[in-house]
Amino acid sequence: MAFRAFYALPAENFSTTTGQHTNAVYGFLSMLIKLLDEEQPTHLAVAFDMSGGTFRTEQYAEYKANRMAAPEPFAGQIDLIHEVMTAMNVNVLEKQGYEADDILATLAVAGAKSGMEVLVISGDRDTFQVVDDDITVLYPIRGVSTLTRMTPAAVLEKYDLPPARYPDLAALVGETSDNLPGVPGVGPKTAAKWVNLYDGLDNVIANADQIKGKAGQSLRDHLDQVIRNRQLNHLLLDVELPMQVGELQRRPVDREAVHQLFDTLEFDVLRDRLFATLPETAPVAPSPGADVDVVALADLPDGLEAWLAEHAGPGTLVGLDITGTAAQGSGDAWSVALGDADRHAVTVDLAEIPPADEASFAAWLADEARPKVLHEAKVAWHELRGRGFELAGVVFDTALAGYLAHPDQRRYSLADLSLRYLRRELATDTEPDGQAVLSLEGGADREAGQRAATLVELTEVLGADLKARGGRHLLEEVELPVQCVLREMERVGICADTSNLEELRGGFDEAVERHAAAAYEAIGREVNLSSPKQLQEVLFGELEMPKTKKTKTGYTTDADALAELYAKTEHPFLEHLLAHRDQIRLRQTAEGLLKSISPDGRIHTTFHQTIAATGRLSSTEPNLQNIPVRSDDGLRIREGFVVGDGYEALMTADYSQIEMRIMAHLSGDDGLIEAFRSGEDLHSFVGSSVFEVGTDEVTPAQRSKIKAMSYGLAYGLSAFGLSRQLGIEVAEARTLMDVYFERFGGVRDYLTTVVDQARRTGYTETIMGRRRYLPDLTSDNRQRRDMAERMALNAPIQGSAADIIKVAMIRTDRALTQAGCRSRLLLQVHDELVLEVSPGEAEQVDELVRREMGAAAELSVPLDISVGTGRSWRDAAH
DNA sequence: CCAACGACGTA
DNA sequence: CGTACGTCGTTGGC
């Protein structure tokens, strides 16, 4: 398997800074870790061949004689694998004079006999002979990451023989890799036919005289060879070993040794994968909260003031857990828990808090000098605010830290983080209905108390991990401050023009009905136009239109495909179907927005800071980051977002071409940098270079090709993709890309470098050090690897843009406060900020926003910001 | 009732 | 066979 890994993985991508090649070690371990994870074996052993001869070479000197000496970069890697096995405490078996496969066969049969279910992983097909109901061979198809399960049925299917007969077939066919020639002219089909017909190789040999034809003669001419092959490919089942199969239990790895060795080998990604799969990563002592001393405020003789003085003095970090509810920019808190580093916690029922305690709590909470750690502080802030409390001094947020350490996880619950970083199980946060789990014992909510204390402990461990990943400053300088800006934006919301949206909805509604009726008319019956399944029946069944691109469940009916079909058939059904789709979508958008208007007449979205793996924000309930802008009808929806009472206008400010500017900066390409410094239209400038014409001679068609390509490059676009998008031949697209790269070689170099480096380190990085881990870059699966490569191309660019606008938000918010402005931030849409301008501040805010956004990052090209104002979001466009 | 899927809006 | 998201309706299994 190590040898296969050596050939499957390109050596140049797997070597340490000291020059040691590690591709065989990497591939072998990658396979082993995957198997440990997926198969969860109770017993485990790895067998090695030993140098020096075996009984087979004694019998037949040429055995494996054609094997080339292992190439230089392979040398030493077997020893490294041995070392890793020792560190991982894996049972290793080897025996002079025997091959690894003899050891495996012996163990497999013994294991099966003692009632075990056995998996044999080997790249030698001879192992198929031990396959039975209890023994499965996992055989590598290509590389070492894809293993095929050879069960009795699989062997029968592939070779037309039961497993026990496989060596009979192999003896006839021969094995080139072992230098065992077979019978010339006899392949697997003939061999299987004979073995089945005569019931085994012995009888084939005994009846060799009767076999007709050339193949029969060939067999008679090579009988000795066949007999010898069969002796050699027979695996021994009785090798004497120092350990019996029952003694091969898996043992816990030596964590320290693994860390040291993986440091040397520079296996950062594998280390994560290994530790993630280890059973001992599971909680050692699942005793929820047993070791936290939780008391209820009501049971404190001296009240909260005394507790705070003892446990939460100035500079002492305290964990704060809020039980409450938050949504649409507001919330309510029911109870809180405070926990300290010594695992003392106090819980407070806010409904029954005595006035004196409430005053102490409020003062402590609002005190910037009393450091606090929370999980999702933005939510807590909304909840506390619902009770009139101000929260300040948040120095750590475990959800944000967990996100920065591993940005592509689905969730960052405190329970998950506790398990991962502290190996301690935490009771689940909430019931499915959102109600907090309250396990009151002596009046104290033990779970809340445990969570509060756990926060403090996590700060240390998670903080250290984040620091090691170079993400500490991102937490402190970017994510925590921007969280404060976001909570305010959520609270404020954006004003909606209800009657405008209602009118729109009515109009869309009417259009939906009209197009539906026309569509039914065109095909003579009613179908559900929102059902792709029913549409397929109509289009490809009844109307017999040409088939479109395949989906998992049939053929696509997406807008592109329908437009193409319409171009071909001009069928009126398609026209109305497309219009219906369009209008129904707009109606849904208008409807959804109307439903989300709060009693204050404003729409309060929720921004999520820990969802997008690249570092972007996301927006839900409602999503205000995907409000239509491209169509006329879409723009009318933007008219439904308007300036609120007491304010003068909405203002939008966006970065123009920020991703291309980041590309210019990161690649350092002279041409692209010059393009931005020249002040010319970017795509015309690039086009003039590619097409070798003056900037003012670039045709609109050329410009749009260049624009598509420039942006496509940042996403890992292929020549195929470009050709499809532009409707040109693949060859033309390829030529276009070649010329582009010739002119902008720095871009090409950057793109290859970024992937290479990510493959080496395991992650990509933005200009502010935000990492994204991409273990799939070394996957044997091409689709996954290609996908990871495109992510690697895009993540630094999209992520850097996300970094920059977050900093811009922090700066803008701060500058507005410092300038004493009433104007405020409302929304962020990835490269755009929407503000509400107070009367008389328009000019000042215009200048301020340009300044702060422009100064958010120091790139080798200028950041260009365009600003517009107006009564509605649409009018504020520029 | 829920998850998966297709479709489609944004940057 | 271009990245990153969220939401909706339909569908089919539980």
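Predicted model, so just to flag it, every value in this text is computed and none were measured. We name chains A, B, ... by the order of the sequence lines, and we start the count at 1 in each one.
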Of all the choices, B:dT10, C:dG9, B:dG6, which nucleotide is nearest to the side chain of A:S530 once you look at every atom? C:dG9
Report yes if a side-chain nitrogen or oxygen of A:S619 is closer than 4.0 Å to either non-bridging phosphate oxygen (OP1 or OP2) of C:dC5; otherwise report no. no
Could you tell me how far apart A:R785 (CZ) and C:dC1 (P) are, to the nearest whole angstrom? 15 Å
Do the side-chain N or O atoms of A:R772 get closer than 4.0 angstrom to the phosphate oxygens (OP1, OP2) of C:dA4? yes
Examine C:dG2: is either OP1 or OP2 under 4.0 Å from a nitrogen or oxygen in the side chain of A:S718? Give yes or no. yes
Residue closer to the 5' end of DNA chain C, A:G712 versus A:H608 (nearest nucleotide): A:G712
Whole angstrom value for the distance that separates P of C:dT10 from CD of A:Q534: 9 Å
OP1 or OP2 of B:dT10 sitting under 4.0 Å from any side-chain N/O of A:R630? yes
What one should report as the nearest heavy-atom pair of A:T556 and A:T548 is O-OG1, 2.7 Å
What's the closest nucleotide to the side chain of A:V829 if the choices are C:dC1, B:dA11, B:dG6? B:dA11
Heavy atoms under 4.0 Å, any strand shown: does A:A613 hit a base, just sugar-phosphate, or nothing? sugar-phosphate
Using side-chain heavy atoms (C-beta onward) and a distance below 4.5 Å, is A:Y555 in contact with A:K549? no
Report which part of the nucleic acid A:L624 touches: base, sugar-phosphate, or nothing (heavy-atom distance under 4.0 Å, all strands). nothing
Listed nucleotide nearest any side-chain atom of A:N528, set C:dT10, B:dA7, C:dA4: C:dT10
Whether the side chain of A:R616 and the base of B:dA11 hold a donor-acceptor pair under 3.5 Å is what I'd like checked. yes
Across the strands shown, which category fits A:T589 at heavy-atom distances under 4.0 angstrom: base, sugar-phosphate, nothing? nothing
N/O (side chain, A:S618) to phosphate O (OP1/OP2, C:dG6) under 4.0 Å: yes
Residue A:Q798, side-chain heavy atoms: nucleotide from C:dT3, B:dG6, C:dC5 that is nearest: C:dT3
Any side-chain to backbone donor/acceptor pair from A:H576 onto A:A519? Under 3.5 Å, distance only. no
A:Q702 and A:I706: CA distance, side-chain angles, deciding distance, side-chain contact (heavy atoms from CB on, under 4.5 Å) verdict: CA-CA 6 Å; A:Q702 287 175 325; A:I706 291 296; 5.5 Å; no
Any luck finding a side-chain donor-acceptor pair between A:R581 and A:T557 under 3.5 Å? yes
How far apart are the closest heavy atoms of A:L617 and A:Q625, and which atoms are they? O-OE1, 3.5 Å
Of A:R638, A:R871, A:R636, which meets salt bridge (Lys or Arg N to Asp or Glu O under 4.0 Å) against A:D497? A:R871
Could you check whether A:E659 gets within reach of a base, just the sugar-phosphate, or nothing at all, counting any heavy atom under 4.0 Å? nothing
Got a sec? Which of residues 502-510 of chain A come in under 4.0 Å of DNA chain B, heavy atoms? none
Using a cut-off of 4.0 Å on non-hydrogen atoms, how would the nucleic acid contact of A:A801 be classed: base, sugar-phosphate, or nothing? nothing
Short side-chain N/O contact from A:K533 to OP1 or OP2 of C:dG12, under 4.0 Å: yes
Between P of C:dT3 and NE2 of A:H830, the distance in whole Å: 16 Å
Does OP1 or OP2 of C:dA4 have a side-chain N or O of A:T614 closer than 4.0 Å? no
Any donor-acceptor N or O pair under 3.5 Å, side chains A:N528, A:S531: no
For the residue pair A:S704 and A:L726, what are the closest heavy atoms and their distance? O-CD2, 4.4 Å
A:M787 side chain, from C-beta outward: closest of C:dT11, C:dT3, C:dT7: C:dT3
Just the rounded figure in Å: distance from P of B:dC8 to CG of A:L586. 12 Å
May I ask you to evaluate whether A:R581 reaches the phosphate of B:dC8, defined as a side-chain N or O under 4.0 Å from OP1 or OP2? yes
OP1 or OP2 of C:dT3 sitting under 4.0 Å from any side-chain N/O of A:R790? yes
Between P of C:dT7 and NZ of A:K595, the distance in whole Å: 13 Å
Which heavy-atom pair separates A:G854 from A:L863 by the least distance, and what is that distance? O-CD1, 3.6 Å
From the list B:dA11, B:dA7, C:dG6, which nucleotide is the closest neighbour of the side chain of A:N626? C:dG6
Output yes when at least one side-chain N/O atom of A:T556 is less than 4.0 Å from OP1 or OP2 of B:dG6, else no. no
Given atom CE of A:M709 and atom C1' of C:dC1, what is their separation to the nearest angstrom? 17 Å
Atom CZ of A:R638 to atom P of B:dG9: distance rounded to whole Å? 13 Å
Taken to the nearest whole Å, CG/A:L713 to P/C:dC1 is 19 Å
Of all the nucleotides listed (C:dT3, B:dG6, B:dA11), which has the minimum atom distance to the side chain of A:P532? B:dG6
